[in-house]
Amino acid sequence: MNSRCYPPFLPSPAKKAKKARKPKGEALLPKWKMASSEGWSKLDAKPYHPDLMAVLFETPSGFAIFHCCASLIQGQDVLEVLWDQFTKNYNAYRLVWLKQFKTFEDKSSAITQNAGVNKRLTQMIERWHYPWIKLAVAKPEYKEIIEKCLNISWVHGPAVMELMWGIQNCMQCLVPMEKKLLTEADCLPISQGLHTLLSRYACVVKPEMVSEQIVNAASALFWCESVEKENDTPLRSLGCLIKRVSGINCDGWSLLKIATAMKVIWCPEEIGDSCEEISEKEVSRMIEDRDKYDVYLDKCACLRTYESMMSTHDVMTRNEIQLKFLVQEAKSSEA
């Protein structure tokens, strides 16, 4: 008889052996999120999820079916922000989930106006399309054929095209079975959000000229703009406080200059040449009123904001220069 005693919260070795261990990561995602491909999985269950949407994505050699949240293409600012969520592969994995991918010898015959949707593509769509969800398609002609032949409700529009561009940008990792490279004919129109950002920096490129380096530089600038937007209201409020306490008019000051003023109040010796925009008279006046600012402001929070704005300014400057260089290089290669 085994004389060893086990605490009540610790199962005995015999009980441990009987307990089946789940594969690592099995419980991390619900079943409707689990990715599969032809031959990967035989899950045919169709669990209900109200925010689910299917995506029919065309690749150079075939078609892929993804699932994603329908809310991904909803929202007032979706056309401005969605593209940036597909600039990093690890983030794209979280947003869309590959269900199946099929290649076609003659892809043009898979969906036609006369013949409709062929059998292989029909089977793939019907397997992963559930009655309560919509199917996102990129081409207007596809939506009419699919609705007519398969009686499936579809969704198409600018937000869907942003999603399609994002999937295409991360296609090598999202559809690793696709071995063919994108041709100029395969390239989707440039993302509306990316195009808007590039236009702000006087950079206009064709869809086939958009490289990974250009997208990364644009994404860095988008992040910088987001930081500035987030800090705009607090820093403008600080400008009003400076005017009320020290009598200094901050109208027309940049956000970085207002953040620098906060650094001047508590750490004037650490500024160096970065406060050259602020006059010596204004600096001395704010230092004299330091005790008054202690009543209204948190020193540590203000210094953190200054460091954040300085870092953002440096990143924005470097990436703006790099972006313009990359665009000019792409145009030179095109010529």
Side-chain angles (χ1 to χ4, degrees), residues 75-77 79-85 87-88 90-91 193-194 196-203 213-328:
Q76 295 181 349
D77 59 348
L79 297 181
E80 299 177 10
V81 304
L82 184 57
W83 72 273
D84 183 63
Q85 299 182 49
T87 56
K88 301 292 185 294
Y90 64 84
N91 201 38
L194 176 59
T196 301
L197 184 136
L198 293 175
S199 299
R200 285 200 292 269
Y201 295 90
C203 298
Q213 292 80 6
I214 290 178
V215 172
N216 289 338
S219 179
L221 291 171
F222 180 82
W223 174 82
C224 293
E225 291 182 354
S226 300
V227 173
E228 289 188 341
K229 185 177 180 180
E230 181 181 351
N231 287 286
D232 182 78
T233 300
L235 287 173
R236 294 301 174 193
S237 299
L238 287 175
C240 295
L241 180 63
I242 293 173
K243 183 176 182 180
R244 187 167 72 250
V245 173
S246 300
I248 300 173
N249 187 2
C250 297
D251 295 343
W253 283 24
S254 67
L255 297 180
L256 181 61
K257 187 173 181 179
I258 297 175
T260 303
M262 294 297 99
K263 182 79 170 181
V264 166
I265 294 173
W266 285 290
C267 305
E269 68 282 355
E270 298 180 13
I271 293 297
D273 297 331
S274 61
C275 67
E276 57 186 1
E277 298 181 19
I278 306 176
S279 66
E280 294 183 5
K281 183 179 179 180
E282 292 171 336
V283 170
S284 61
R285 193 183 303 176
M286 286 187 289
I287 294 175
E288 290 175 1
D289 296 330
R290 181 182 301 169
D291 294 338
K292 298 178 182 178
Y293 287 106
D294 284 332
V295 177
Y296 298 100
L297 302 175
D298 181 271
K299 175 182 175 181
C300 293
C302 289
L303 294 180
R304 283 196 301 268
T305 301
Y306 167 77
E307 295 297 335
S308 175
M309 293 302 297
M310 281 297 298
S311 175
T312 300
H313 175 74
D314 292 341
V315 172
M316 178 174 282
T317 301
R318 291 198 308 270
N319 281 277
E320 183 176 357
I321 294 173
Q322 183 182 15
L323 177 63
K324 291 184 177 180
F325 170 78
L326 291 170
V327 170
Q328 187 61 39

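- A search for ring-ring contact (aromatic ring centres under 6.0 Å, His included) contacts involving F222 returns W83, not counting sequence neighbours.
- If you run side-chain contact (heavy atoms from CB on, under 4.5 Å) between C203 and each of L197, I214, L323, only L323 comes through.
- A donor-acceptor pair is defined here as one N or O able to donate and one able to accept, closer than 3.5 Å; no such pair exists between the side chain of S308 and the backbone of R304.
- Contacts classified as salt bridge (charged side-chain N to carboxylate O under 4.0 Å, His left out) and involving residues 214-229 (residues at least two apart or in different chains) are given here: R200-E225.
- For R318, the side-chain contact (heavy atoms from CB on, under 4.5 Å) partners are D314, V315, not counting sequence neighbours.
- The closest side-chain heavy-atom distance from M316 to L221 is below 4.5 Å.
- With a 4.5 Å cut-off on side-chain heavy atoms, Y201 and V327 do not count as touching.
- Proximity of M262 to T305: side-chain heavy atoms (C-beta onward) are nowhere separated by under 4.5 Å.
- The side-chain contact (heavy atoms from CB on, under 4.5 Å) test applied to L79 returns P158, A159, E162, Q192, not counting sequence neighbours.
- For the pair I278/M286, a side-chain contact is recorded, criterion being any heavy-atom separation below 4.5 Å from C-beta on.
- Nearest approach of W266 to C302, heavy atoms of both residues: CZ3-CB, 3.7 Å.
- Taking all atoms of both residues into account, the shortest heavy-atom contact from D84 to S219 is OD1-OG, 2.6 Å.
- Checking side-chain atoms of S284 against main-chain N and O of K281 turns up a donor-acceptor pair under 3.5 Å.
- Pairs engaging residues 230-242 under the side chain to side chain donor-acceptor pair (under 3.5 Å) rule: none recorded [sequence neighbours left out].
- Nearest approach of C250 to G239, heavy atoms of both residues: SG-O, 3.6 Å.
- Considering only heavy atoms from C-beta on, I242 stays 4.5 Å or farther from E282 through its side chain.
- Side-chain atoms of H313 and S254, non-hydrogen and from C-beta on, never get closer than 4.5 Å to each other.
- C240 is linked by a side-chain contact (heavy atoms from CB on, under 4.5 Å) to nothing, counting only residues two or more places apart in sequence or in another chain.
- Put simply, the side chain of D298 gets close to the backbone of A301: a donor and an acceptor are under 3.5 Å apart.
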